[in-house]
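The next block holds one structure in the form of structure tokens; read it before the comments.
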Protein chains: 2
Amino acid sequence: MAIFNDFLRDRRRDELSSEDLQALEASVHAVQNVPARHSLAISKQPIGVSTYLIEGFICRYMDDREGVRQLVAVHVAGDFVDLHGYPLKRLDHDVATLGPCRIALVRHEAIDQLVRDRPNLTKLLWFSTLLDAAMHREWIFRLGRLDAVARVGHFFCEIEAKLRAVELSDGRQFSCPLTQADIGEACGMTSVHINRMLKELRERGLMHMQRGRVTILDLPALRRLSEFDPSYLFIGE
Amino acid sequence: MAIFNDFLRDRRRDELSSEDLQALEASVHAVQNVPARHSLAISKQPIGVSTYLIEGFICRYMDDREGVRQLVAVHVAGDFVDLHGYPLKRLDHDVATLGPCRIALVRHEAIDQLVRDRPNLTKLLWFSTLLDAAMHREWIFRLGRLDAVARVGHFFCEIEAKLRAVELSDGRQFSCPLTQADIGEACGMTSVHINRMLKELRERGLMHMQRGRVTILDLPALRRLSEFDPSYLFIGE
DNA sequence: CGACGGATTGATCTGCGTCAAATCTCGTGG
DNA sequence: CCACGAGATTTGACGCAGATCAATCCGTCG
């Protein structure tokens with residue numbers, strides 16, 4: 001089947017034995033295509049399946065009182081989007097597609113089986129949920145300590161690094177279906193100000209974005225500006 | 001020994017069998033007292049032990065380029081502070097005490113044993129690391145979507161709810177060794193502005209804080225102001 | 001008593017939000 | 001093939017929340 005080709009790719013994938021991988025593949029109970037801007041899971045409902053993202057972009061978010069979104073995560077191919085829903089039993093946030101996606105669904109009873117039989121795989125699944133937590137921490141840092149330009153730069157540095165790990169970025173170009181409003185929801189800013197910051201990054205010769213395509217012109221400089229250190233992504237370990 | 005008396009208290013503690021609890025207690029290899037403002041773990045170093053907090057307050061934080069701290073978590077009694085270091089093998093942030101603490105240390109080899117033998121306990125340990133991730137998400141929301149008063153209010157609502165779960169708050173009063181500068185580092189604000197917002201909360205009759213003692217005067221109103229919904233803490237489930 | 005870290009308050013500055021309008025892009029149907 | 005409309009992007013003018021700078025006050029401890 002080869003659904004999990006990108007899972008933990010360029011991270012600890014070598015620790016995944018072929019038996020573990022087979023067991024993981026066998027636990028998939030459905031594969032689906034989902035259109036863009038489509039809700040996948042709603043906060044507080046008990047859930048019994050988790051979603052693995054084969055292709056596309058998915059976000060997780062929370063709404064404030066007025067219904068304004070705050071994204072808390074953006075996922076790309078190879079991410080087990082809401083595996084944390086397995087130990088938690090329900091989610092504390094909503095999940096939705098950004099662009100069109102291809103996803104695999106895994107029932108929690110199947111994961112129970114894996115946890116019972118495969119301590120090594122269990123540790124890797126656990127690891128993958130903690131990668132998300134590490135990204136959350138970096139988002140806290142981004143929102144708490146960086147100014148507007150650096151926030152936007154940092155956001156794209158993260159996306160680029162994640163995409164590169166699954167060979168969807170060559171370090172210069174990648175496609176990314178987010179609107180400026182989406183980026184604003186991720187960075188805690190208005191879309192108007194995102195627009196100005198993108199202009200600034202463009203004029204400084206660091207990066208530009210048009211029609212769902214991002215071009216990074218000077219990655220080292222962009223990372224420096226954004227205080228971006230990719231070690232929290234555990235890539236290449 | 002009864003070291004883990006507060007672990008997952010008022011959460012899923014009933015799912016912890018007495019054998020699991022015994023195995024957990026047996027895996028502790030040292031108990032220590034640590035003074036206030038003391039560093040416990042440093043970013044990027046490989047680690048082989050995790051820290052369980054028996055008593056006191058601990059924070060996790062990251063520094064920006066100029067060395068200004070951003071807290072990413074505050075821990076209280078009953079928290080397994082850096083259990084996530086077990087699957088990750090190293091930390092992406094620093095850990096330090098806020099006030100004086102009593103901690104228990106658990107070697108990762110001991111946890112390996114637990115993961116191999118005790119799937120149910122493993123799932124609960126996993127769960128506890130994901131509680132931290134849920135709190136991270138709430139911090140992202142706080143920084144991204146709330147204004148200054150609500151940020152401070154939300155922060156204290158969280159601390160209060162966590163302390164109440166281990167009976168260190170009665171819903172009205174609790175002690176909390178954080179300075180206004182610490183709170184600023186948690187909320188992404190300056191200590192000056194924290195001071196003004198505490199004044200505002202005091203004048204509105206919602207809460208006040210003096211010499212390490214917090215008094216909540218109107219919890220429902222404070223929660224309303226701060227858009228605080230404790231369900232992400234999974235208390236009482 | 002003096003010193004020092006933390007709390008408090010005032011004055012001023014600025015980064016980003018808000019509001020509003022213009023332009024661009026692309027899908028849809030006549 | 002063009003007209004239309006919805007959504008996304010871009011730009012300008014203006015206001016304000018929170019930062020910054022700086023001075024004073026307070027409580028604790030040697």
Side-chain angles (χ1 to χ4, degrees), chain A residues 35-38 57 64 66-70 98-100 142-156 175-204 207-215 225-226, chain B residues 35-38 57 64 66-70 98-100 142-156 175-204 207-215 225-226:
Chain A
R37 312 274 153 189
H38 191 273
F57 285 75
D64 73 4
E66 275 110 41
V68 185
R69 277 188 185 190
Q70 174 64 49
L98 287 162
R142 179 195 298 155
L143 292 171
R145 285 289 165 259
L146 299 183
D147 66 10
V149 217
R151 289 229 275 268
V152 178
H154 191 283
F155 178 77
F156 280 105
S175 61
C176 173
L178 304 218
T179 65
Q180 297 183 2
D182 294 328
I183 301 164
E185 289 167 358
C187 296
M189 297 161 52
T190 59
S191 61
V192 173
H193 208 59
I194 293 292
N195 184 277
R196 288 192 244 262
M197 296 303 101
L198 285 174
K199 185 183 181 184
E200 166 114 22
L201 291 170
R202 199 187 319 133
E203 285 171 351
R204 288 209 212 175
M207 61 163 286
H208 61 87
M209 172 175 198
Q210 50 190 331
R211 259 165 290 115
R213 193 121 201 109
V214 175
T215 307
L225 169 82
S226 315
Chain B
R37 312 273 153 190
H38 191 274
F57 286 74
D64 73 4
E66 276 110 40
V68 185
R69 277 189 184 189
Q70 173 65 49
L98 287 163
R142 179 196 297 156
L143 292 171
R145 285 290 165 260
L146 299 183
D147 66 10
V149 217
R151 289 229 276 266
V152 178
H154 191 282
F155 178 76
F156 281 104
S175 61
C176 173
L178 305 217
T179 66
Q180 295 183 2
D182 294 328
I183 301 165
E185 288 167 359
C187 296
M189 295 161 54
T190 60
S191 60
V192 173
H193 208 59
I194 294 292
N195 185 277
R196 288 193 242 263
M197 295 303 101
L198 285 174
K199 184 182 182 185
E200 166 115 22
L201 291 169
R202 198 186 321 133
E203 286 172 351
R204 289 208 211 178
M207 62 165 284
H208 61 89
M209 173 176 198
Q210 50 190 331
R211 259 167 290 116
R213 191 120 203 109
V214 175
T215 307
L225 169 82
S226 315

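Within every chain, numbering begins at 1; the chains are lettered A, B, ... in the order of the sequence lines, protein sequences first and strands thereafter.
- Proximity of B:Met197 to B:Arg151: side-chain heavy atoms (C-beta onward) are nowhere separated by under 4.5 Å.
- Inter-residue side-chain proximity for B:His208 and B:Glu203 is flagged as unmet; no heavy-atom pair is nearer than 4.5 Å.
- Distance alone, capped at 3.5 Å, places no donor-acceptor pair between the B:Ser191 side chain and the B:Ala181 backbone.
- Going from atom CD of A:Glu66 over to atom C1' of C:dG17 covers 14 Å, rounded to whole Å.
- Residue contacts for B:Arg196: at a heavy-atom cut-off of 4.0 Å it reaches a base atom on one of the strands shown.
- Protein atom CZ of A:Arg213 is 18 Å distant from nucleotide atom P of C:dT25, rounded to whole Å.
- Among the nucleotides C:dA7, D:dG27, C:dG17, the one closest to the side chain of A:His193 is C:dG17.
- Within the 4.0 angstrom heavy-atom criterion, only backbone atoms of the sugar-phosphate kind lie near B:Gly188; the bases stay farther away.
- Following rounding to the nearest Å, A:Leu198 (CG) and D:dA8 (C1') show an atom-to-atom distance of 13 Å.
- A salt bridge is absent between B:Arg196 and B:Glu200; no separation between the charged side-chain nitrogens and carboxylate oxygens falls under 4.0 Å.
- Remark on DNA chain C: of its neighbouring residues A:Arg211 and A:Asp147, the 5'-side contact belongs to A:Asp147, judged by nearest-heavy-atom nucleotide.
- Among the atoms of the strands shown, base atoms are found under 4.0 Å from some heavy atom of B:Thr190.
- Taken from CG in B:Leu225 to CG in B:Asp147, the straight-line distance is 7.5 Å, to the nearest 0.5 Å.
- Remark: the A:Arg202 side chain and the D:dT9 base include no donor-acceptor N/O pair separated by less than 3.5 Å.
- Following rounding to the nearest Å, B:Gln210 (CD) and D:dC26 (P) show an atom-to-atom distance of 14 Å.
- When rounded to the nearest whole Å, the span between CD of A:Glu203 and C1' of D:dT11 equals 12 Å.
- What separates CE of B:Met197 from P of C:dT9 is a distance of 12 Å, to the nearest Å.
- Listed candidates were D:dA19, D:dT20, C:dC16. Nearest to the side chain of A:Ala148 is C:dC16.
- Positionally, the nearest nucleotide of DNA chain C for B:Asn195 lies more toward the 5' end than for the other of A:Ile194 and B:Asn195.
- The shortest distance between the side-chain N/O atoms of B:Lys199 and the OP1/OP2 oxygens of C:dT8 is not below 4.0 Å.
- Closest contact between the side chain of A:Val192 and the listed nucleotides D:dG27, C:dG6, D:dT11 involves D:dT11.
- The listed nucleotides are D:dT9, C:dT8, D:dA19; the one nearest the side chain of B:Gln180 is C:dT8.
- Atom CE of B:Met189 is separated from atom P of C:dG15 by 18 Å (rounded to the nearest Å).
- Atom P of nucleotide C:dG5 and atom CD1 of B:Ile183 are separated by 19 Å, given to the nearest angstrom.
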